[in-house]
Amino acid sequence: MKTLRDVPVGGTAIVKKLHGEGPVKRRIMDMGITKGVEICVRKVAPLGDPMELNIRGYELSLRKADAEMIEVE
C-alpha cells in the first residue's frame, strides 16, 4: 500500500482511499482530500513533518501521521 507519505517532493498522486475513522477521517475530507483528487507534494520540512501540498488550487500543510492515512496510486 502506497501512502501520501511515500510520494517524493515534486511528485503527484491520485487519492485512492482514506483510512482512519470518525473525526480524523472527517477532518481530512473537510480539507478537500477525497477519493480521486490529485495532490502535488511541494515541500517537506527538514525533519519530515509537516509536508506542504498543492490540492484543488490551494496550498495545504499536512502532518506526517495524517499523510500516512491517505492511500494513493
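Remember, it's a predicted structure, so these values are computed and weren't measured experimentally.
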Exercise. Where do His19 and Thr3 land on the side-chain contact (heavy atoms from CB on, under 4.5 Å) test, with the steps shown first?
Worked result: CA-CA 10 Å; His19 298 277; Thr3 67; over 6 Å; no
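- For the atom pair CZ of Arg26 and CD1 of Ile28, the computed distance is 11.5 Å after rounding to the nearest 0.5 Å.
- Taking both residues in full, the closest heavy atoms of Met1 and Asp6 are given as O-OD2, 4.1 Å, listed atom of the first, atom of the second, then distance.
- Separation of atoms CG (Asp66) and NZ (Lys25) is listed at 14.0 Å; rounding is to 0.5 Å.
- Exactly one residue among Leu4, Ile39, Val41 makes a side chain to side chain contact (heavy atoms under 4.5 Å, CB included) with Leu62. That residue is Leu4.
- To the nearest 0.5 angstrom, Thr12 atom OG1 is 12.0 Å from Ile55 atom CD1.
- Here the closest heavy-atom approach between residue Val15 and residue Val72 is recorded as CA-CG1, 4.3 Å.
- Taken from NZ in Lys17 to CD in Glu71, the straight-line distance is 6.5 Å, to the nearest 0.5 Å.
- Both Met29 and Ile70 belong to a common hydrophobic cluster when Ile, Leu, Val, Met, Phe, Trp and Tyr are linked at side-chain heavy-atom distances under 4.5 angstrom.
- Closest approach of Gly20 to Met69, counting heavy atoms only: CA-SD, 4.1 Å.
- Put simply, the side chain of Asp49 gets close to the backbone of Lys64: a donor and an acceptor are under 3.5 Å apart.
- A side-chain donor-acceptor contact under 3.5 Å links Thr34 and Arg56.
- By the 4.5 Å heavy-atom criterion applied to side chains, Lys43 and Leu53 are not counted as neighbours.
- Within 6.0 Å of the CD atom in Glu73, the count of heavy atoms belonging to other residues, nucleotides or ligands exceeds 12.
- Minimum interatomic distance between Lys16 and Lys35 (heavy atoms only, all atoms of both residues): O-CG, 3.5 Å.
- Residues Val24 and Val37 are members of one and the same hydrophobic cluster, defined by side-chain heavy-atom contacts under 4.5 angstrom among Ile, Leu, Val, Met, Phe, Trp and Tyr.
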